[in-house]
There are 2 protein chains.
Amino acid sequence: MGIGSANVSERAQQPPELAISTVIFALRTDAGHGRPTLWLPLVRRTRQPFRDLWALPGGPLSAAESLQDAAARSLQETTGLQPSYLEQLYAFGGLDRSPVQRMVSIVYWALVRPDEAALARETENVGWFRADCLDRLAFDHNLIVDYALWRLRNKVEYGSIAYDFLGPKFTLAQVREVYEAVLGRKLDPANFRRQLRSTPDIEETDEYVQGGRHRPPRLYRYTGAAAQRNNGPLSQTVE
Amino acid sequence: MGIGSANVSERAQQPPELAISTVIFALRTDAGHGRPTLWLPLVRRTRQPFRDLWALPGGPLSAAESLQDAAARSLQETTGLQPSYLEQLYAFGGLDRSPVQRMVSIVYWALVRPDEAALARETENVGWFRADCLDRLAFDHNLIVDYALWRLRNKVEYGSIAYDFLGPKFTLAQVREVYEAVLGRKLDPANFRRQLRSTPDIEETDEYVQGGRHRPPRLYRYTGAAAQRNNGPLSQTVE
DNA sequence: CCAAAAGTGTTTGACTTACACCCATGA
DNA sequence: TCATGGGTGTAAGTCAAACACTTTTGG
């Protein structure tokens, strides 16, 4: 306690540290049941504070890069991944986020496609975890992940985020599985299908997935421009 | 151009400056037609860059205050107002926001009630302007105001933001005028009324507004807890 | 043939929109 | 009494949930 107070009065002199972190979501097909679930990569802290706890990937903001570039860079450096979607989540700046120093974190969230996620390196200090059952993370990162999950669920219900989890061609059942994994509940296949077909940006191909145990499903393609989605005020297509 | 390049290479050494700004909205009943419109306070810049242009109120982040506290403080200092709603908007960190120095601004947006807004001081360097017809502001503040407007319109359609523009008791027509001012279009009084009455948080009082030229309208009260609204991940009621 | 997923059709109820209509007040 | 906004009723249209049903494959 005495040490804590000393820290507080000490650090009141220094300017707040500014860092960029990223919550990265990917879909992985769990071995247990065949359905995909949400996973995310975390890095193990090798220094105090919170040494040996898992934390979100991130780092300081370099002087010559934009916030979004910094998020993409830290993501690339820690996991080797390229995101298919990247959007600012929130700026966290509470006084007691770190016991050592006042820290302001501008947090982004990202989606990666399964082919990308498959070649993600998993090392001693980088691990993948199911998003819905994390244990204690460093700093306030549990809160941040929960908020990112909330935003992801909102976006998937509203917009066209789901395709950023998928490859260029997909069955409608795969899209439904994305929705079900993100929202955590089953959806009516018939109604879901109609709903998707009624949107303008889904185009059917002439290809079918062969080799399944049942009737071969048709493959579809997403034709909506990725840029037309609202990921912040800087995408000029905001009306 | 030569000077610009020198600045860029110079400032690449320094860490980015961190500032907090706030977009403050209030409803004012325009003298022209009786209907209220959206206004916001701006401060005149007295120094370079953008000297003599109007800008959003704000300032640096002190080491001992949270982001939201900093927003409330800068709001209080420049306009003397206390907001009825305050939420983080976005963190702006583009490389070319300021010609002088790399700057990261965490921007909040706020609503104030008309009684508060009425006693807002208007000085040589603090002025109020209609939100829909601003001329050139300092930095990227036009973009920021536009984005704040977009968020405000979204929130008003979805949530219970409108009551933060109003006093403790109000007529349903006043609520409708808030919606109309924010959304910029007329709404059917009959349907709007029904829609509001069907929400749980509107309670009728036994009072009526006397003295109008027509049938006296009933006064209502908003009973929804202000805390139950989602203004960010830190409101613990986020499910 | 059977099981199961792909895909289609139909019914139902909830909700929105438009608009006709009555009520209460000041002028 | 009339004009006007407050307030109620109602029919048409839209949309999503529920679910029965047909199609097509592997076993």
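So that the names make sense, note that chain A is the first sequence line, chain B the second, and so on, each numbered from 1.
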- Mind checking what makes ring pair (Phe, Tyr, Trp, His ring centres under 6.0 Å) contact with A/F92, not counting sequence neighbours? A/Y90
[N] [atom2] sits how many Å from [X] [atom1], rounded?
X: B/Q210; N: C/dA24; atom1: CD; atom2: P; result: 13 Å
X: A/L196; N: C/dA6; atom1: CG; atom2: P; result: 13 Å
X: B/Q195; N: C/dA14; atom1: CD; atom2: P; result: 17 Å
X: B/H214; N: C/dA27; atom1: NE2; atom2: P; result: 10 Å

- Name all pairs fulfilling the ring pair (Phe, Tyr, Trp, His ring centres under 6.0 Å) condition that reach into residues 113-137 of chain A, sequence neighbours left out, sorted by first residue then second.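 Listed by first then second residue: A/W54-A/F129.
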- Item | Of all pairs that satisfy ring pair (Phe, Tyr, Trp, His ring centres under 6.0 Å), the ones with a partner from residues 182-204 of chain B, not counting sequence neighbours |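 Those involving residues 182-204 of chain B are B/Y179-B/F192.
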Please list, for nucleotides 19-23 of chain C, all pairs of protein and nucleotide N/O atoms separated by less than 3.5 Å.
residue, atom, partner, partner atom, Å
C/dC23, O2, B/R215, NH1, 3.2

- Message: Filter on salt bridge (Lys or Arg N to Asp or Glu O under 4.0 Å), then keep only pairs touching residues 167-179 of chain A, sequence neighbours left out; what's left?
- Response: A/K169-A/E207, A/R176-A/E180
- Considering all heavy atoms, the nearest A/T22-A/A110 contact: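 Heavy-atom minimum between the residues: CG2-CB, 4.1 Å.
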- Message: So B/F25 and B/L152, do their side chains get closer than 4.5 Å, heavy atoms only?
- Response: yes
- Message: Quick one, B/Y222 and B/V175 - any side-chain contact, counting heavy atoms below 4.5 Å?
- Response: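 Heavy-atom side-chain distance check fails, nothing below 4.5 Å.
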- Message: For a quick check of understanding: with a heavy-atom distance under 4.0 Å over all strands, which category does B/G211 fall into, base, sugar-phosphate or nothing?
- Response: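 Touches nothing.
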- Query: Contact class for B/R197 vs. all strands (heavy atom < 4.0 Å): base, sugar-phosphate, or nothing?
  - Reply: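 The residue B/R197 makes no contact with any strand.
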- Please find the earliest and latest nucleotides of DNA chain D, in the 5' to 3' direction, that have an atom within less than 4.0 Å of any heavy atom of chain B.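 The protein-touched segment is D/dT4 to D/dT10.
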- DNA chain D: B/R176 or A/P216, which has the more 5' nearest nucleotide? B/R176
- Task: Would you please classify the geometry between the A/F139 ring and the A/H141 ring as parallel, tilted or perpendicular, with 30° and 60° separating the classes?
- Result: tilted
